[in-house]
Amino acid sequence: MRLMEELPCRNGDGGNDKDEVVDEIQNQWCQVVNSGFSCPKRVVVVGYALTSKKIKSFLQPKLQGLARNKGILFVAIDHNRPLSDQGSFDIVLHKLSGREWRQALEDYRQSHPEVIVLDPPDAIQHLRNRQYMLQAVADMNLSDSYGKVGVPRQLVIKRDASAIPELVNRAGLTLPLVAKPLVADGSAKSHELSLAYEQYSLLKLEPPLVLQEFVNHGGVLFKVYIVGDAIKVVRRFSLPDVSKWELSEDAGLYHFPRVSCAAASADDADLDPNVAELPPRPLLEKLAKELRWRLGLRLFNLDIIRECGTRDHFYVIDINYFPGYGKMPEYEHIFTDFLLSLDHGKYKKKSG
């Protein structure tokens, strides 16, 4: 955080040039006379290293405008240059892949412990492998008066599709099975799903992958967005239920490029109340708090389904780091408040 009397006036969008922004923050002290009030005295500099797609979806004009009004400056990081050569940051926000970038960021964390990195590279890597992604939820075995949260039974297949039917039998998994790519790197391919109805169709799968038992859930899933301590839940349409008749009649493998997205919102749909009812808030708060600690992450979302025929039996079927917050209602206010709380907590701790 930078302490100052006034912020420089800006007519444009502020630009992305790091040196220009830092120079203005540190060297120019002016009064905003046009608006009749002064800019915030504290400025939080947030460096971001994101893909072009993520920049477009996340750094929307409304977010940037609100951030400026709250004293937050988003500054682009050049991942081809050493981070230490790009001035000082209060917070680093990132979602880039690659071993070199992870190592560079980890080195920066070690040499600049005063900078908050969202989130630690090693913790993020844990979610990129579906073999381990849901382990923290399974270890919790969360069950209280508000409900029970678990994960579907699953099997990891790393090679040799011809062995899949035998491995499924040995593991005792029940058809139908959802097949997901083992690597969850945010690419379009990592979101592709297949639904296998019978043993023969398993031979058509392409390892490496994870097989999860399909749980009927009314065709609706709950996306639980987590931003620090804040939680926001939205409904999305999902795969439809599978009946015993369909299971006996259907054969083959069905591919789905992407099941849940903003275009498939179910929030305004006319749904069965037993299907549409959101998971209990206390249960989600307990789950989110425990996962923040176990995963070491502050920016992620959960895909949760409710088992058909129950009111309080839930499954976490996927966890995503730094998801599409641009699709989350009121994300601009939630995210800027989160960034300010992080910075406030850092300086409160420092002065305490």
Side-chain angles (χ1 to χ4, degrees), residues 126-127 130-155 172-174 176-178 180 184 193 195 210-244 259-260 264-321 323 325 327-330 334:
H126 189 81
L127 292 188
R130 286 195 169 96
Q131 180 174 356
Y132 311 109
M133 176 191 287
L134 302 180
Q135 191 59 51
V137 181
D139 291 343
M140 287 173 59
N141 194 27
L142 177 59
S143 180
D144 62 18
S145 59
Y146 292 101
K148 180 178 180 180
V149 180
V151 300
R153 291 200 300 167
Q154 68 176 37
L155 176 66
L173 296 188
T174 302
L177 296 173
V178 179
K180 302 179 180 182
L193 305 181
L195 189 61
V210 167
L211 294 174
Q212 284 183 353
E213 284 188 331
F214 181 77
V215 178
N216 279 339
H217 53 281
V220 171
L221 66 78
F222 306 101
K223 275 201 171 290
V224 181
Y225 291 95
I226 295 165
V227 183
D229 293 333
I231 299 173
K232 193 79 172 179
V233 187
V234 296
R235 300 177 188 86
R236 294 281 185 264
F237 284 115
S238 178
L239 297 178
D241 288 348
V242 177
S243 68
K244 290 183 178 180
V259 174
S260 170
S265 174
D267 278 329
D268 298 323
D270 185 17
L271 299 170
D272 180 340
N274 293 324
V275 172
E277 183 183 7
L278 297 178
R281 186 78 183 185
L283 184 69
L284 293 181
E285 289 175 348
K286 188 173 182 179
L287 176 64
K289 181 179 180 180
E290 185 70 16
L291 283 178
R292 280 195 299 269
W293 176 74
R294 288 176 180 262
L295 297 174
L297 298 172
R298 286 171 280 198
L299 299 176
F300 59 99
N301 79 349
L302 310 171
D303 287 352
I304 296 180
I305 58 175
R306 174 192 284 110
E307 184 175 7
C308 258
T310 76
R311 187 178 182 182
D312 59 359
H313 195 178
F314 302 93
Y315 291 92
V316 177
I317 58 174
D318 231 350
I319 306 177
N320 304 287
Y321 171 68
Y325 286 118
K327 304 169 188 173
M328 180 180 78
E330 301 174 347
I334 293 172

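Remember, it's a predicted structure, so these values are computed and weren't measured experimentally.
For the atom pair OH (Y132) and CD1 (I319), the distance works out to 15.0 Å, reported to the nearest 0.5 Å. One finds the CG atom of L211 at 5.5 Å from the CG atom of L155 (value rounded to the nearest 0.5 Å). Distance CD1/I317 to CD1/I305: 5.0 Å, rounded to 0.5 Å. Interatomic distance, K289 NZ to I231 CD1, rounded to the nearest 0.5 Å: 11.0 Å. Summarising the geometry, atom OH belonging to Y146 is positioned 15.0 Å from atom CG belonging to L287; distances are rounded to the nearest 0.5 Å. Atom NE2 of H126 and atom CD of Q131 lie 10.0 Å apart (nearest 0.5 Å).
Side-chain contact between K286 and V149 is absent, with no heavy atoms from C-beta onward closer than 4.5 Å. With a 4.5 Å cut-off on side-chain heavy atoms, N320 and L127 do not count as touching. In this structure, the side chains of V233 and I304 stay at 4.5 Å or more apart for every pair of heavy atoms. You'll find the side chain of I226 stays beyond 4.5 Å of the side chain of L291, heavy atoms only. Side-chain contact between N301 and V224: absent, with no pair of heavy atoms (C-beta onward) separated by less than 4.5 Å. Between R236 and K327 there is a side-chain heavy-atom pair separated by less than 4.5 Å. Using a 4.5 Å heavy-atom threshold, the side chains of L284 and L278 count as separate. At a threshold of 4.5 Å between non-hydrogen side-chain atoms, the residues L283 and D312 do not count as touching.
Put simply, the side chain of R311 never gets that close to the backbone of E277: no donor and acceptor are under 3.5 Å apart. Checked by atom type and distance alone, the side chain of Q154 pairs as donor or acceptor with a backbone atom of R130 at under 3.5 Å. Under the 3.5 Å distance criterion, the side-chain polar atoms of E213 are matched with a main-chain donor or acceptor of T174. Of the possible donor and acceptor atoms, none in the side chain of R235 sits under 3.5 Å from a partner among the backbone N and O of V220.
Here the closest heavy-atom approach between residue D241 and residue G219 is recorded as OD1-N, 3.7 Å. The two residues G218 and C308 make their nearest non-hydrogen contact at N-SG, 3.3 Å. Here the shortest heavy-atom pairing between D318 and M133 reads OD1-SD, 3.0 Å. For the pair P152 and Y315, the tightest heavy-atom approach, listed with the atom from each and the gap, is N-CD2, 3.6 Å. Nearest approach of I334 to P329, heavy atoms of both residues: CD1-O, 4.1 Å. Considering every non-hydrogen atom in both G228 and R292, the closest pair reads O-NH1, 2.8 Å.
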Next item on the list: Start with the C-alpha distance between V227 and L299, add both sets of side-chain angles, then the distance that settles side chain to side chain contact (heavy atoms under 4.5 Å, CB included), and finish with yes or no.
Entry: CA-CA 5 Å; V227 183; L299 299 176; 4.0 Å; yes

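Between E307 and the choices K148, H313, H217, the side-chain hydrogen bond (donor to acceptor under 3.5 Å, both in side chains) rule is met once, by H313.
Below 30°, between 30° and 60°, or above 60°: for Y325 and Y225 the angle between ring planes is between 30° and 60°, a tilted geometry.
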